[in-house]
Amino acid sequence: MKLFAIQGLKILATGSAVPDSTLSNHQLSEIVQTSDEWIVTRTGIKERRLLTGSNRSVIDLATEASLKALSKISMSPLEIDLIILATSTPNDLFGSASQIQAKIKAAKAVAFDLTAACSGFVLSFVTAGQFLQSGSYKTILVIGADVLSKWIDWSDRSTCILFGDGAGAIILQSCSIKDNQFLGFQLNTDGRQYKNLSLPYIDDSDPHTFLNIHQGSFNYIAMNGKEIYKFAVSQVPLSIIKCLTSLHMTVDEIDWLLLHQANERILTAIAEKLSLSTDKILVNVGRYGNTSAASIPLVLDESNEYGKISNNDVIVISGFGAGLTWGTVVIRWKR
Ligand code: ACO
């Protein structure tokens, strides 16, 4: 997608947070009939972090990740104009971003949630980019955070092995066009396939006697694993190619491929479809599982911390998941 920008966008800082509690594949095999070997072979996941204890929610992880990002650049939270929280697991259906605004004391920031499951971070980054490049806002905190452990059927071995909890945050600021780091994007949705991955609301009570209103609750994550696998491996490379083509760039110019950390097999298959060396994949799914909207900023923060990414590296970021929704963002890293 061509960007109509009057300003550029730069990445000032990243931060991340995961719960302390670890669940290994061996521990999982005591809960459901599975094995470390089955899980590692099919997914590359060895362990995941889970938010345990009462009254803890996505807000705790998102707040910690945001404060870490702010402290890295000694930025006052009062400088933030907008907070976008990408999450599908808010602790309030009306949204959780405002509670994060209050917790980090970003009193001048507008705050809202954006729900797009595992594509949530990419969509939030693009949304933030529109506000920054049009000159509407100067500084934006984008958070990807999910606590899917609260929505998993822990007796369903086909889904419970995949997911973990976490949060990642990134602080973006407008800048001159010549320092711009956000090169372009490409986004897609196919609602016809929504049933392949959903967390459905279900009417499960008798209707109100007079009003005929049915009330219910949200169920567990439901997934057709094979269809999701096929979707990711076929559609994500197309999105990447379309995005690069629109920027007059080629796969050879990619320094790092930062994909939503769904499953290592999916990441490898996508790299192979692009004829890209698997050495260029940024990956940490083995330690955290699939953390939904958190996975991309979590890897970005780790890669940044470990000094893996160098000045001027081109990073191709793709998210994909429920909706079905998927998309790509291309950035140039600047230290
Ligand atoms: N341990 C042991 N056996 C299992 C497990 C398990 N945890 N889960 C399923 N099995 C069994 C099945 O019952 C089946 O047995 P059967 O042949 O006797 O019926 C057998 O293993 C094969 O099951 P499949 O579902 O065909 O396994 P598959 O090879 O497709 O792997 C997987 C399953 C890993 C889920 C794969 O389909 C996949 O990676 N899909 C993508 C899922 C994904 O990444 N989702 C999230 C992406 S989007 C987002 O992040 C929100």
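Atoms within a ligand are numbered from 1 in the order they appear, just like the ligands themselves.
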Salt bridge (charged side-chain N to carboxylate O under 4.0 Å, His left out) assessment of Arg56 paired with Asp165: CA-CA 12 Å; Arg56 299 192 69 213; Asp165 303 332; over 6 Å; no
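By the side-chain hydrogen bond (donor to acceptor under 3.5 Å, both in side chains) test, Lys46 pairs with no residue at all, sequence neighbours left out.
Within 4.0 Å of ligand 1, the residues that place a heavy atom are Gln33, Thr34, Trp38, Arg42, Thr43, Cys118, Arg157, Ser158, Ile161, Leu197, Met223, Gly225, Lys226, Ile228, Tyr229, His260, Ala262, Asn263, Arg265, Ile266, Asn290, Phe320, Gly321, listed by chain and number.
In the hydrophobic clustering, Ile73 connects to Leu12, Leu51, Val58, Ile59, Leu61, Leu67, Leu70, Met75, Ile80, Ile83, Leu85, Ile100, Ile104, Leu141, Ile143, Val147, Ile171, either directly or through intervening members, whenever side-chain heavy atoms lie under 4.5 Å apart. Counting Ile, Leu, Val, Met, Phe, Trp and Tyr side chains that sit under 4.5 Å apart, directly or through other members, Tyr306 stands alone, with no cluster partners.
Partner Trp326 forms a ring pair (Phe, Tyr, Trp, His ring centres under 6.0 Å) with one of Phe231, Phe185, Phe320 and no other, that one being Phe231.
Between Glu253 and Arg332 there is no salt bridge, since no side-chain nitrogen of the basic residue lies less than 4.0 Å from a carboxylate oxygen of the acidic one.
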